[in-house]
Chemist: 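What follows is a single structure, and I will ask about it in a moment.
It should be emphasised that the depicted structure is a prediction, and the values quoted were computed from it without experimental measurement. So that the names make sense, note that chain A is the first sequence line, chain B the second, and so on, each numbered from 1. Excluded from the calculations below are hydrogen atoms, water molecules and symmetry mates; all remaining heavy atoms, backbone and side chain alike, are included.
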Amino acid sequence: MLALVDGNNFYVSCERVFRPSLEGRPVVVLSNNDGCAIARSNEAKALGIGMADPWFQWRHLEEEAGVVVLSANFVLYGDMSDRFMTLAAGLGPAQEIYSIDECFIDLAGVRGDLVARSHKVRDRIHRWIGIPTCIGIAPTKTLAKLANHVAKDAERKPGSYPAELARVCHLGALDAAARDAILQATPVTDVWGVGRRQGAKLRAGQVHTALDLARANAAAIRAQFGVVMERTVRELQGTSCISLDDAPPPQQQVACTRSFGHTIATLPPLVEAVSEFATRAAEKLRRQGSLAGRVMVFAHTSPHRHGPQWARSTVQPLRRPTDDTTALIHAAQAGMRAIYEAGYDLVKAGVMLLDLQPGTQHQNELDLEPEEDGSSSPARDRSALMAAMDKVNEKYGKGTLHSGSTGGAGKNRVWTMRADRRTPCYTTRWEDMPVVRA
DNA sequence: TCTGGGGTCCTAGGACCC
DNA sequence: TCTGGGGTCCTAGGACCC
């Protein structure tokens, strides 16, 4: 048996811990540039605000309904997540952290009343860190996700599911008729693994509910929808196809991508932006202890606007796998120069580091030994510099120290101190910043 | 006017090899 | 005229998740 423990409206709940006055009020947390709603309180959901809805469509509710709007604070959410995961791990012998706000727990070997035990863990999480959670229990991951959905809706929308399933829902403890009734009451698009596209296709084939999908012929589903959907069907039938992964391998790619908040049509700010993205991505890379073999760069126009569309990407191989910020910036800049074309209003760009492998720069460098005169090697200097920058940026905030990129690729390299950390880095006018020599 | 960011997995098709 | 079959690797694109 598996449990899925999921923090309710996680980012909003984190904010409420430190601002209790937000309790009971409609609250949303917005993405980068205050573009989209990425978390909503129950009160905000009740107003109709959807996940990832562009905020300009709902801005009027700030006045009309007193919606409280917050910019995301991911450092805070990450910290709360760590505490949340530690407490949730107490539910069973193994844990898979699935996202910032949810984890699967293996309940194999856990004796006693699983529902009572789950309520205890819920209460502990709420008392100790202030985050409300729901827990779904079932024999497979897909069913545990569904049980969690039931636990949430039974609490949030009275009447949608039996009230006794609110907060903790153990599907495995129900008899077949009761379980089928739950699946019958669940739209197929609420099933984990069924998105908008496949959901529409399923409905066109008269598969409307989770029960319809559970009773579908797995082979026929595979032929029409592929192996992923076939697994979903089997999981709904109670056959576990997706195992618990309590030691996931390191990520296969690392990305930093951003919308600009305004359009960019010329090369210099694009080059600056991808330099910044490469810097952020390199930090993540070093944190994870990996080296990248290739760098992908992309930029595109807004798909939401009329007018000429443009989107391009390119992959730059590196001479050797590296985690060195300077090398990654150079590759990103070269890529952007190669794909850039004048005449388009670009709204987003990004850098992705590919072909990751374990290791750190100095392990991979041949010239790590000190020079004969006792001075240190360039590779070791760079490695130490990267580590020092990571420490400063961790302590004083992202982008406090970064590699200057405006003076041409590496020609007059300087280290600049950010003038104003409240401004998103990609809209800061870097040429206005004071220069501090390292 | 204003539309997130960071991931995963699967599939199809082309190039290449023997 | 008639043009194999099987394998690998790579890439692009689609679909999904939170």
Chemist: Would you say A:T257 reaches B:dG6's phosphate, i.e. side-chain N/O to OP1/OP2 under 4.0 Å?
Modeler: yes
Chemist: Given that both pair distances must be under 3.5 Å and the pair must be Watson-Crick or G-U, what runs of three or more consecutive pairs involve DNA chain C?
Modeler: B:5-18 with C:5-18
Chemist: Taking atom P of C:dA12 as reference, at what distance in whole Å does atom CE of A:M352 sit?
Modeler: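 For the pair A:M352 CE and C:dA12 P, the rounded distance is 12 Å.
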Chemist: If you check the A:R258 side chain, which of C:dT11, B:dG6, B:dG4 turns out closest?
Modeler: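 Nearest listed nucleotide: B:dG6.
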Chemist: How are the rings of A:F104 and A:W192 set relative to one another: parallel (under 30°), tilted (30 to 60°) or perpendicular (over 60°)?
Modeler: tilted
Chemist: Could you give the distance from SG (A:C103) to CG (A:D6), rounded to the nearest 0.5 Å?
Modeler: 9.0 Å
Chemist: In this structure, how many angstroms lie between the P atom of B:dT11 and the CE atom of A:M229, rounded?
Modeler: 13 Å
Chemist: Between A:S290 and A:Q357, do the side chains contain an N or O donor and an N or O acceptor separated by less than 3.5 Å?
Modeler: no
Chemist: In terms of relative ring orientation, are A:F298 and A:H300 parallel, tilted or perpendicular, with 30° and 60° separating the classes?
Modeler: parallel
Chemist: Closest approach to the side chain of A:A52, judged atom by atom: which nucleotide of B:dG6, C:dC17, B:dG4 is it?
Modeler: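 When the side chain of A:A52 is considered, B:dG4 is the closest of B:dG6, C:dC17, B:dG4.
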Chemist: Just by distance, with hydrogens left out, do A:S71 and A:D34 show a side-chain donor and acceptor under 3.5 Å apart?
Modeler: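 On atom types as modelled, these side chains qualify, holding a pair under 3.5 Å.
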Chemist: Return the value, rounded to whole Å, for the distance between atom OH of A:Y77 and atom P of C:dC18.
Modeler: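 Whole-Å distance recorded here is 19 Å.
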Chemist: How close do A:C134 and A:E155 get, heavy atom to heavy atom, and via which atoms?
Modeler: SG-OE1, 4.0 Å
Chemist: Between C:dT11, B:dG4, B:dG6, which nucleotide gets closest to the side-chain atoms of A:A255?
Modeler: B:dG6
Chemist: Figure out the CG/P separation between A:D34 and B:dT3, and round it to whole Å.
Modeler: 11 Å
Chemist: May I have the distance from A:L354 (atom CG) to B:dT8 (atom P), rounded to whole angstrom?
Modeler: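 From A:L354 CG to B:dT8 P: 11 Å.
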Chemist: Which listed nucleotide (C:dC16, B:dG5, B:dG7) is nearest to the side chain of A:R197?
Modeler: C:dC16
Chemist: Take atom CZ of A:R280 and atom P of B:dG4, then tell me their distance rounded to the nearest Å.
Modeler: 21 Å
Chemist: In whole angstroms, how far is the P atom of C:dC17 from the CG atom of A:N148?
Modeler: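 That distance rounds to 14 Å.
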Chemist: Rounded to the nearest angstrom, tell me the gap between atom CD1 in A:I38 and atom P in B:dG5.
Modeler: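 Rounded to whole Å, this separation is 10 Å.
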Chemist: For a quick check under 3.5 Å, do A:T322 and A:D324 share a side-chain donor-acceptor pair by atom type?
Modeler: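 Short answer, no.
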Chemist: At under 4.0 Å between heavy atoms, what does A:K201 touch on the DNA or RNA strands: base, sugar-phosphate, or nothing?
Modeler: nothing
Chemist: Taking OP1 and OP2 of B:dT1, is either one under 4.0 Å from a side-chain nitrogen or oxygen of A:R305?
Modeler: no
Chemist: Within the structure, does a side-chain N or O atom of A:K145 lie under 4.0 Å from either OP1 or OP2 of C:dC18?
Modeler: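 For A:K145, the contact criterion (side-chain N or O under 4.0 Å from OP1 or OP2 of C:dC18) is met.
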Chemist: So is A:K201 actually on top of A:F225's ring, under 6.0 Å and inside 45° of the axis?
Modeler: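 So A:K201 does make the cation-pi contact.
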Chemist: Can you tell me, in whole Å, how much space there is between the P of B:dC17 and that of C:dT3?
Modeler: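 Result for the P pair: 23 Å, nearest Å.
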Chemist: What nucleotide, of C:dC16, B:dC10, B:dG7, holds the atom closest to the side chain of A:Q251?
Modeler: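 Of the candidates, B:dG7 comes closest.
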Chemist: State whether A:Q252 places a side-chain N or O below 4.0 Å from either non-bridging phosphate oxygen (OP1 or OP2) of B:dC9.
Modeler: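 Yes, within the criterion.
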Chemist: For A:Q57, report the nucleic acid contact type (base, sugar-phosphate, nothing); a contact means any heavy atom under 4.0 Å.
Modeler: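 It contacts nothing in the nucleic acid.
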Chemist: Does atom CH2 of A:W128 have more than 12 heavy-atom neighbours, drawn from other residues, nucleotides or ligands, at distances under 6.0 Å?
Modeler: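 Atom CH2 in A:W128 is not crowded, with 12 or fewer foreign heavy atoms closer than 6.0 Å.
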Chemist: Counting only side-chain N and O atoms of A:S259, is one of them less than 4.0 Å from OP1 or OP2 of B:dG5?
Modeler: yes
Chemist: From the options B:dG6, B:dG4, C:dC16, select the nucleotide whose nearest atom is closest to the side chain of A:M51.
Modeler: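 The nucleotide sitting nearest to the side chain is B:dG4.
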Chemist: Check this one for me: any side-chain N or O of A:W192 less than 4.0 Å away from OP1 or OP2 of C:dC18?
Modeler: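 For C:dC18, OP1/OP2 do have a side-chain N/O of A:W192 under 4.0 Å.
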Chemist: Could you check whether A:G195 gets within reach of a base, just the sugar-phosphate, or nothing at all, counting any heavy atom under 4.0 Å?
Modeler: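 If one applies the 4.0 Å heavy-atom cut-off, A:G195 turns out to touch the sugar-phosphate alone, with no base involved.
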